[in-house]
Trainee: 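Attaching a single structure in structure tokens format; questions to follow.
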Amino acid sequence: MHLLGHNLPDHKPLKIALLTFYGLSHQLSSRLLARLSIHSEALVSDLTEPQLTSLSAYLSSPSTTSKPSDSPISLSPPGGKSLLSPGNKSIFGNLNNINRIGKGNGNGSKANANVKGKGKEQVKEDPLDELKIETEARRSMQGDIAHLRTVGTYRGKRHAAGYPVRGQRTQTNASTAKKHNRVERRGFAS
């Protein structure tokens with residue numbers, strides 16, 4: 001199947017086939033399938049037309065796609081019985097009660113770990129809300145590297161010189177870093 005310029009093999013699980021897009025990791029592809037209510041074990045060949053449409057719409061412009069509702073999701077594998085959602089309390093119990101075990105009377109700082117500021121709960125951001133794939137991800141990464149160079153940080157100097165950035169040894173194993181940094185250096189005058 002062909003999706004947004006990428007050939008996704010029909011025999012592969014969709015979670016693995018989505019890794020062909022630059023900027024999508026295993027964790028992000030799993031989250032994306034959950035958000036679009038597609039089973040995590042679904043093969044590329046098992047997708048229906050509405051699922052394909054929603055997937056291509058989300059990958060083409062993730063910021064304009066609507067967020068999922070708070071209603072429970074019923075997951076069903078591609079030809080099997082429907083499964084209960086992970087938030088179902090009959091199987092998993094109330095996860096909030098599990099987190100409170102062993103915290104004492106609440107006088108310590110652990111009891112207030114989820115509270116930030118004046119009684120507001122800390123809100124975790126979903127990485128799918130600001131998803132950048134393909135050209136946007138590459139442009140963002142190159143912009144970050146250019147910023148490190150212009151500021152004059154140690155990491156920026158290592159990028160500019162073509163050396164490994166994260167403390168790897170340079171005597172024998174730096175060939176990969178030299179290849180990658182050489183490509184990036186072409187468009188940047190330092």
Side-chain angles (χ1 to χ4, degrees), residues 1-101 113-117 120-145 147 165-166 176 179-180 183-184:
M1 178 196 5
H2 213 65
L3 181 68
L4 299 176
H6 289 271
N7 186 25
L8 305 179
D10 289 336
H11 65 279
K12 282 194 175 184
L14 184 61
K15 180 170 52 174
I16 302 300
L18 286 175
L19 298 177
T20 60
F21 289 95
Y22 183 85
L24 275 181
S25 61
H26 286 280
Q27 181 184 13
L28 286 177
S29 65
S30 297
R31 283 179 173 259
L32 178 63
L33 293 179
R35 177 172 281 190
L36 298 176
S37 300
I38 300 173
H39 193 268
S40 63
E41 301 299 322
L43 298 178
V44 173
S45 60
D46 295 337
L47 291 179
T48 61
E49 282 299 318
Q51 289 174 333
L52 278 174
T53 306
S54 64
L55 182 62
S56 63
Y58 191 89
L59 289 176
S60 62
S61 59
S63 59
T64 60
T65 309
S66 61
K67 289 188 177 185
S69 61
D70 290 334
S71 62
I73 300 172
S74 62
L75 302 174
S76 60
K81 299 176 183 178
S82 64
L83 301 173
L84 297 173
S85 65
N88 191 337
K89 293 180 183 177
S90 65
I91 294 176
F92 297 102
N94 192 353
L95 296 176
N96 292 333
N97 290 339
I98 293 172
N99 292 336
R100 292 183 184 153
I101 295 173
N114 290 336
V115 178
K116 181 181 180 183
K120 296 181 183 178
E121 288 191 22
Q122 189 177 12
V123 179
K124 277 191 171 181
E125 292 186 21
D126 190 8
L128 290 177
D129 292 341
E130 300 169 5
L131 180 66
K132 294 179 181 178
I133 58 172
E134 295 299 325
T135 342
E136 292 178 5
R138 285 188 178 97
R139 191 177 301 129
S140 173
M141 182 184 63
Q142 289 172 350
D144 292 343
I145 291 172
H147 173 72
V165 177
R166 297 180 181 164
T176 304
K179 276 189 266 183
H180 288 303
V183 171
E184 293 170 4

Trainee: Side chains of Leu33 and Ser30, heavy atoms from C-beta outward: is any pair under 4.5 Å?
Mentor: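 A side-chain contact is absent here, since even the closest heavy-atom pair is not under 4.5 Å.
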Trainee: Taking atom NE2 as the centre, does His6 end up with more than 12 heavy-atom neighbours from other residues, nucleotides or ligands that are less than 6.0 angstrom away?
Mentor: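 Yes, NE2 of His6 has more than 12 neighbouring heavy atoms, counting only those of other groups under 6.0 Å.
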Trainee: Check for a donor-acceptor pair, side chain of Ser29 on one end and backbone N or O of Lys15 on the other, with a separation under 3.5 Å.
Mentor: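 Checked: pair present.
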Trainee: At their closest point, which heavy atom of Leu19 faces which heavy atom of Leu24, and how far apart are they?
Mentor: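 So the minimum-distance heavy-atom pair works out to CD2-O, 3.5 Å.
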Trainee: Quick check: do Leu52 and Glu49 have side-chain heavy atoms less than 4.5 Å from each other?
Mentor: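 Side-chain contact under 4.5 Å: yes.
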Trainee: Identify the two heavy atoms, one from Met1 and one from Leu47, that lie closest to each other, and give their separation to 0.1 Å.
Mentor: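 Closest pair (atom of Met1, atom of Leu47, distance): CE-CD1, 4.0 Å.
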Trainee: Out of curiosity, Arg31 CZ to Leu131 CG, how far, rounded to the nearest 0.5 Å?
Mentor: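 Nearest 0.5 Å value for the CZ-CG distance: 11.5 Å.
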Trainee: Strictly distance-based, threshold 3.5 Å: is any side-chain N or O of Gln142 a donor or acceptor partner for the main-chain N or O of Arg139?
Mentor: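 Not at all, since once roles are kept as given, no pair shorter than 3.5 Å links the two residues.
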Trainee: How far apart are the closest heavy atoms of Phe21 and Leu3, and which atoms are they?
Mentor: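 That would be CZ-O, 3.6 Å.
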Trainee: Rounded to the nearest 0.5 Å, how far does CD of Glu134 lie from OG of Ser60?
Mentor: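 Between atom OG of Ser60 and atom CD of Glu134 there are 12.5 Å.
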Trainee: Would you say the side-chain atoms of His39 and Gln51 include a donor-acceptor pair closer than 3.5 Å?
Mentor: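 The answer is no; no qualifying pair exists.
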Trainee: Out of Leu36, Leu32, Ile38, which one pairs with Leu14 under the side-chain contact (heavy atoms from CB on, under 4.5 Å) rule?
Mentor: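 Output: one option passes, namely Ile38.
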Trainee: Taking the side chain as everything from C-beta on, heavy atoms only, tell me whether His2 gets closer than 4.5 Å to Leu8.
Mentor: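 No, side chains not in contact.
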Trainee: Keeping the roles fixed (side chain from Ser54, backbone from Pro50), state whether a donor-acceptor pair exists under 3.5 Å.
Mentor: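 Judged by distance alone, yes, a pair lies under 3.5 Å.
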Trainee: Distance under 6.0 Å and angle within 45° of the ring axis: does Arg138 meet both against Tyr22?
Mentor: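 Judged by the rule (NZ or CZ under 6.0 Å from the ring centre, within 45° of its axis), Arg138 counts as positioned above Tyr22.
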Trainee: Using every non-hydrogen atom in the two residues, find where Thr20 and Ala17 come nearest and quote the distance to one decimal.
Mentor: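 Shortest heavy-atom separation between Thr20 and Ala17 comes out as OG1-O, 3.0 Å.
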